[in-house]
Amino acid sequence: MQVKFPYSFDRKDTTISILDRFSTLEPASHTGTNVSVAGRVMLMRPQGKLAFARLVDSTGSIQLFATQDDSELFSEFSKLSIGDWIGASGEVITTRKGELSVRVQEWVLLAKTKRGFGDKWKGISDVDLKYRQRYVDLWANPESRSILQTRSKTIAFIRRYLDELDFVEVETPVLHPIAGGASAKPFVTRHNALDIELYLRIAPELYLKRLVVGGFEKVYEIARVFRNEGMSPRHNPEFTMLELYQAYSDYEDGIELIEDLISSLARELIGTTQISYQGRSLDLEPPWERKSMCELISKSLGEPIDLDVEYSHLLSLCKDKAIEVKDEWGPGKLILELYEKICESELWGPIIVTDFPQEVSPLARSHRSKVGFTERFELIIAGRELVNAFSELCDPVDQRDRFQAQAQLKETGDEEAMAVDEDYLRALEYGLPPTMGLGMGIDRLVMLIADVASIRQVIAFPTLRPEAI
RNA sequence: GCGCCUCUAGCUCAACGGCAGAGCAACGGACUCUUAAUCCGCAGGUUCUGGGUUCGAAUCCCAGGGGGCGCACCA
């Protein structure tokens, strides 16, 4: 006797395990092996006193074969809709045409669907609909589910990799009294009992370095961060960053670590370091090309560019490139703008761009030999900034000066400039050892590994304008 | 925020100034080996919304809304 909508179902077998065990049967075989499977009916082909259904679970799918002779509930079975959840048990067989199937002896309806799952062949492709009703997209378009599985594997790999290097995974506050650690506009929220405004974090950086001060020599956090900025195929208002900090190390160590992490990840998930992204090839085998920011600009412009070039000349170069210059910008900012305007879009990578001007790197340690620069690098892969890292600024006096320069920018209207964080300065006064810090956009990394063009594809529920229902 | 494109049945799409259609899904039926099964039948619409032009608008124009892409900002 069939019970509808039971509270549980004893699923003993996944579809993939059945496929693995019985992949080489002749047509019209009987195995004598009984299995019980559960999942969603995604195709139903009733044929008189026979019915064929495709049962899909999270591991794959298998055909269900039912006949009137075997099952007193045959007629109900043959009326199942696409999308219904069922549990079924019976013998593993192959049909006359050789299709591996479960010959249904017993089955139970676990949940009924009242809505359609889109076009049988094309699924759903309306981008808005896909993300508003992700639960439909994930069934109708198996590729969508596969991409999220790749995301899960990527993050699991990163954890395994860092754990093996004795990194400690930590969690730091999401609600910040001062939004620091990056240049970005924060979301503002409010704590009623404390009667204060709080900011959703734009980066975990300053808290992680406090932990290094506190004695954690290798820490990381896989951190959801929030930036109140425009959206695009490469930007979601909330996204996930990996940030890691390693004491006694500098940015050269960071380059080595990230080269090994990303190339190992590609080997593990794709099977090779020779990958392609959106039709263009990428060689992720280390070592990667390294160029300083000024080298890149100099090459593009065909003249030597450095911080000792006359300010007025940098200004005229910016003007030539239609860069809107603000009065308070110094030469370092002009150099960064030139790089971003004329070099960055030409880079495909992987390439390590090193030595950013100090003026635009308020948390990075001054370069040991290049005056006015910092020991900072960004990693460009597939034309996108994937990693930002540096030898951390440890000197509380220097850090206070940098914060104050940022605070001045904020006063002149730069909404993304940093504020002075007195507690962070106090932490530095207790002593931060030489430390390498590195941040990586996880969503963009997954885009690269899964070879997809839009960040929304790698986020289960990307931010959308609320629907008027 | 600005520019360009787009919105038609539950889904995927046609019709592009002259009766709003197809395939799939749904619904009813036939069928004992299907593979996007096939066949018969039936039903399904504020053509995103509002205004305008026109004898006549899904189609042209204006405004608004949703979405996409590009620019800007960033990871």
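Hydrogens, waters and symmetry mates are skipped; everything else that's a heavy atom, side chains included, is used. Residue numbers start from 1 in every chain, and the chains themselves are labelled A, B, ... in the order their sequence lines are given, proteins ahead of strands.
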Exercise. Do A:R103's NZ or CZ and the ring of A:F65 fall within the cation-pi criteria of under 6.0 Å and 45°?
Worked result: no
Exercise. Are A:R132 and A:D128 within salt-bridge range, i.e. N to O under 4.0 Å?
Worked result: yes
Exercise. Could you go step by step and tell me if A:I86 and A:V41 meet the side chain to side chain contact (heavy atoms under 4.5 Å, CB included) rule?
Worked result: CA-CA 7 Å; A:I86 66 167; A:V41 174; 4.0 Å; yes
For this session: Could you work out which one of B:rC13, B:rA25, B:rC33 sits closest to the side chain of A:S125?
Result: B:rC13
Exercise. If the P atom of B:rA36 is compared with that of B:rA30, how far apart are they to the nearest Å?
Worked result: 25 Å
Exercise. Base, sugar-phosphate, or nothing: which does A:L129 touch, judged by heavy atoms less than 4.0 Å apart?
Worked result: sugar-phosphate
Problem set entry | Pairwise 5' ranking along RNA chain B for A:R103 and A:D119, keeping only the more 5' one | A:D119
Exercise. Between atom CD in A:Q278 and atom P in B:rC69, what is the gap in whole Å?
Worked result: 12 Å
Problem set entry | Side chain of A:K341 - closest among B:rA72, B:rU12, B:rU32 | B:rA72
Exercise. So what does A:T95 touch, heavy atoms closer than 4.0 Å: a base, only the sugar-phosphate, or nothing?
Worked result: base
Seminar exercise, completed: Residues in residues 169-178 of chain A with a heavy atom under 4.0 Å of RNA chain B, by number, are none
Provide a list of protein-nucleic acid N or O atom pairs under 3.5 angstrom, restricted to nucleotides 28-31 of chain B.
| residue | atom | partner | partner atom | Å |
| --- | --- | --- | --- | --- |
| B:rC31 | N3 | A:G48 | N | 3.2 |

Exercise. Should A:E221 and A:T172 count as side-chain neighbours, where that means a heavy-atom distance under 4.5 Å?
Worked result: yes
Exercise. Reading RNA chain B 5' to 3', what string of ( ), [ ], | and . shows its pairs, if Watson-Crick and G-U wobble pairs count only when both distances fall under 3.5 Å?
Worked result: (((((((..((((....[..))))..((((.......))))......(((((..]....))))))))))))....
Exercise. How do A:D126 and A:M44 order along RNA chain B: which one's closest nucleotide is nearer the 5' end?
Worked result: A:D126
Problem set entry | Minimum-distance nucleotide to A:L43 side chain [options: B:rC11, B:rC33, B:rA36] | B:rA36
For this session: Looking only at side-chain atoms of A:K122, point me to the closest of B:rU35, B:rU12, B:rC73.
Result: B:rU12
Seminar exercise, completed: Quick note, A:R132 side chain, CB onward, closest among B:rC11, B:rU35, B:rG66 is B:rG66
Exercise. Are any non-hydrogen side-chain atoms of A:P350 and A:L284 less than 4.5 angstrom apart?
Worked result: yes
For this session: Evaluate the side-chain proximity of A:R365 to A:E392: yes if any heavy-atom separation is below 4.5 Å, no if none is.
Result: no
For this session: In sequence, state the C-alpha distance, the side-chain angles, and the governing distance for A:D451 and A:Q278, and then conclude on side chain to side chain contact (heavy atoms under 4.5 Å, CB included).
Result: CA-CA 6 Å; A:D451 190 14; A:Q278 301 294 292; 3.0 Å; yes
Exercise. For the side chain of A:R456, counting heavy atoms from C-beta on, which of B:rC69, B:rC73, B:rU12 is nearest?
Worked result: B:rC69
Exercise. Quick one: which of B:rC27, B:rG66, B:rC73 gets closest to the side chain of A:S81?
Worked result: B:rC27
For this session: Report the residue from A:R456, A:R151, A:R234, A:Q457 that forms a side-chain hydrogen bond (donor to acceptor under 3.5 Å, both in side chains) with A:D443.
Result: A:R151
Seminar exercise, completed: note: A:M231, atom CE; B:rG1, atom P; distance rounded to Å ~ 12 Å
Exercise. When you measure from the side chain of A:L50, which nucleotide among B:rU32, B:rU35, B:rG23 comes out closest?
Worked result: B:rU32
Seminar exercise, completed: Checking B:rG67, B:rA25, B:rC69 against the side chain of A:K120 (C-beta onward), the nearest is B:rA25
Seminar exercise, completed: Testing B:rC73, B:rC33, B:rC11 for proximity to the side chain of A:I124, the answer is B:rC11
Exercise. Is there side-chain contact between A:Y161 and A:D260, with heavy atoms separated by less than 4.5 Å?
Worked result: yes
For this session: Would you please classify the geometry between the A:F167 ring and the A:Y220 ring as parallel, tilted or perpendicular, with 30° and 60° separating the classes?
Result: perpendicular
Exercise. Between A:H176 and A:Y207, how do the two ring planes meet: parallel, tilted or perpendicular, split at 30° and 60°?
Worked result: tilted
For this session: Give a yes or no on whether the ring-centroid distance for A:W348 and A:W288 is below 6.0 angstrom.
Result: no
